Amino acid sequence: MSETTYLLAVIVIGFGITFALRAVPFVILQPLRDSPLVAQMSRWMPVGILAILAVSTLRSSIGADLAHVLPAAVATAVTVLVHLIGGRRTLLSVGAGTATFVLLVNLT
């Protein structure tokens, strides 16, 4: 096999694998779109992820510097409030909580 043929074969195989890995989840999930379980998971997973992030942040803040405990707790409360009031927009709530934490840590 020549070098050009070998390179083309590698590119075609790589493209095929990449395309399949990106397309398979959509094909598998198509029958599950109307599933009540998937609807519940889509509703509760963002909240669960935010809870894990909040616990992780508080744990690392308490372990690193006790002066950051209050800013971390306030930022966590801001994140939860913005998430609930702002229509469950994850990026908005995480952004608001992060900005709050950074501002409080740098201003105190």
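FYI, the numbering just counts along the sequence from 1. Not measured: the values here are computed from a predicted model.
Residue L21 forms a side chain to side chain contact (heavy atoms under 4.5 Å, CB included) with just one option from V24, I17, T18, and that option is I17.
Within 6.0 Å of atom CG in L91, 12 or fewer heavy atoms from other residues, nucleotides or ligands are found, so the atom counts as exposed in its surroundings. Heavy atoms of other residues, nucleotides or ligands lying less than 6.0 angstrom from CG of D34 number 12 at most.
Every residue two or more places apart in sequence or in another chain was checked for a side chain to side chain contact (heavy atoms under 4.5 Å, CB included) with I52, and none qualifies.
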Contacts under 3.5 angstrom, residues 73-84 side chains, donor-acceptor by atom type, not counting sequence neighbours:
| from | atom 1 | to | atom 2 | distance (Å) |
| --- | --- | --- | --- | --- |
| T76 | OG1 | A72 | O | 2.7 |
| T79 | OG1 | A75 | O | 2.8 |
| H83 | ND1 | S93 | OG | 3.4 |

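Rounding to the nearest 0.5 Å places CD1 of I49 at 13.5 Å from CH2 of W44. From L70, atom CG reaches atom CZ of F101 across 10.5 Å, with rounding to the nearest 0.5 Å.
Scanning all heavy atoms of the two residues, the minimum distance from G86 to R89 falls at O-CG, 3.4 Å.
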